[in-house]
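What follows is a single structure, written as structure tokens, with notes after it.
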Amino acid sequence: MIANPFIKNRIQPMKLLFAQILILIALLLASCIKKQAEVNIIPKPLEQKIGNEAFTYNAETKIIIGINQNLETLGAYLVTQLSNINLKSEVQYLEDINSTENAFIIQLDRRLDDFDDEGYLLSVDRKKILLEAKTIKGLVWGIQSFLQLIPVKFFEEENHMESFSVPEVYIKDKPRFSYRGMHLDVCRHMFSVDFIKKYLDIMAYYKFNTFHWHLTEDQGWRIEIKKYPKLMSVAAYRDSTLIGHYRDQPHTFDGERYGGYYTQEEIKEIVQYASERNITIIPEIEMPGHSVAALAAYPELACTDGPFRTATTWGVFEDVYCPKENTFVFLEDVLSEVIDMFPGKYIHIGGDEVPKTNWKNCSDCQQLIQSESLENEDGLQSYFIKRIEKFLNSKGRQLIGWDEILEGGLSPNATVMSWRGIEGGIEAAKFGHDAIMTPGSYCYFDHYQANPNFQPLAIGGFTPLKKVYEYDPIPDKLAEGASKHILGAQANVWTEYITTPEQIEYMILPRMAALSEVNWTGRDKKDWADFQKRINAHFNVYEALGYNYCKGSYALEFMLDESDQNKIEIRSEIYRPEIRYTTDGSIPTNASKIYKKPIKAIDIDVIKAAIFVEGEMMEEPGEFIIKK
Ligand code: ACM
Ligand code: ZN
């Protein structure tokens, strides 16, 4: 019997239809659950749209730069960044943008003339990556955003991976503030040229554009000045260093000679390295205080006879430069060499923490107060700074100083770095001077960032990640018109208690990421919960790159909501923490109840809670007593 072809044919369309419907449902489901790629750029871009497609970056992807736009160094920088993750690429010149595919195209675009100098446009679609900006600065920042789009797996992989996918994005971005700074004290402890470069790399990754390099101190002089060789043979070294915290008594010392300095060649190399990352370096040469090391080398610059010894302990010292003619000759010689090494417009002259005791007792100083008709020793400090400012201005440079330079009258063109709170910045801005905000309680990254009982030794303070994130550089009480003088914020990294590069990484990561968003992202775009998610993704990058970093403060905050049945909410700056708690007064263990939602305060007197990671309690439990 011949099989009835019709029957078969009748069944087949039905099967086909069924299969087609199944496929359709599957496709529909897939398209619904197709997850938009995660984009975790820090600082958060101004505008960012994420699509569902992706660009496949592989060994064939070309880096293509605009012709005659001076982008060769930038192209080489990108090639180096990619070679760090085993991708070899070459730079070619752009011919026809429309027909170019599988390429990363980078160009300056005149149409962006009205756009911010540091702004950029980055678009990624299936065919190409296109980065455009008005200036090379913007392109440098666009590259950082691109680097943050590379999946972390690619950094982790020991073995060479053939390709990675970059999510489809359209980014239009520019910074809120023009000054975005990180400071580093290399005097209390010194760090290698390679580490300074790493520091600059991390800065660039988070779009910081200014490196404030603190080069001279009581405890060591770290910059080669050819005219004054004893700065290198004497001032660059100390005999010994304090062990433990300054407040631990009695003081004990390690008895080891410590020191070194950066040669002018090394400094030029670092300046160049920074400039390729759009980072300007502001060198700081401290005066009139924090100068004991220089006085050890050249005691004739002091008010008293000496001898002096490069400091071996921390704090503020009474031996400071005496404002005599030979001191100004010395300082102008030093600054002339500094100016030759650093092309940026700002020179930082310190000016902080200057005890006036020796000036009070010095006949030269008192005579100068008389002859210049100065009011007192504050006036003398002001005279000192003004004279140095005149010299710097004559060389086409601008003076920056710590907020003490306001005392006794501010120099005509000075920029003020507000560190003893925000008042110095407010006062400077009111008088029409530029100011940089670096208040201790938000911006001192030598402070503790979590419970000191569980942290490496630090100077003190408590500046956890969330606190840094919440900082706003524009003080509330500053009038609209004056706020334009607030150029931005900076974090300071003093190194009395930071002795190794790993510890620097620990103190700056992740707080630097939070500060990057303070400086870059508009006030209305900042969002702590969203930042928490993104910084958690950055932790994976730190892990992959072997950076030492702090996971955050495990302190818990208890929030009583009286309007809602006295519910108590428990908060932490840790992303999705495992919080366990008790209500019977006992210490929580890894078997205690897990906190999921606000706890009703009815019939309980106390809540004790702590964060657990892999069964272990972090820090100490927090406690909330319910008032009856
Ligand atoms: C400072 O922290 N002494 C500026
Ligand atoms: Zn004097």
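Just so you know, ligand 1 is whichever comes first in the structure, and atom 1 is the first atom listed for that ligand.
Of the candidates W494, W402, W419, H212 forms a ring-ring contact (aromatic ring centres under 6.0 Å, His included) with just one, namely W402.
Rounded to 10 degrees, the SG-metal-SG angle spanning C303 and C365 at the Zn ion (ligand 2) equals 110°.
Considering backbone and side-chain atoms together, D352 places an N or O closer than 3.5 Å to an N or O of ligand 1.
Using a 4.0 Å cut-off between heavy atoms, M417 makes no contact with ligand 1 at all.
H183 places a side-chain N or O within 3.5 Å of a backbone atom of V493 that can act as its donor or acceptor partner.
Atom 2 (O) of ligand 1 has its closest protein heavy atom at Y444 OH, 2.6 Å.
Of all the atoms in ligand 1, the ones that sit under 4.0 Å from a non-hydrogen atom of E353 are 3 (N). Near W494, with a cut-off below 4.0 Å to any heavy atom, the atoms of ligand 1 are 1 (C), 2 (O), 4 (C).
Checked against a 6.0 Å centroid threshold, the rings of Y246 and W314 do not count as neighbours.
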> So Q490 and N492, side-chain hydrogen bond (donor to acceptor under 3.5 Å, both in side chains) or not? Walk me through it.
Replying inline: CA-CA 7 Å; Q490 169 177 293; N492 296 336; 2.9 Å; yes
>> What verdict does the salt bridge (Lys or Arg N to Asp or Glu O under 4.0 Å) test give for R176 and E118, after you've listed the backbone C-alpha separation in whole Å, the side-chain angles of each residue and the deciding distance to 0.1 Å?
In response: CA-CA 10 Å; R176 177 178 174 202; E118 295 190 277; over 6 Å; no
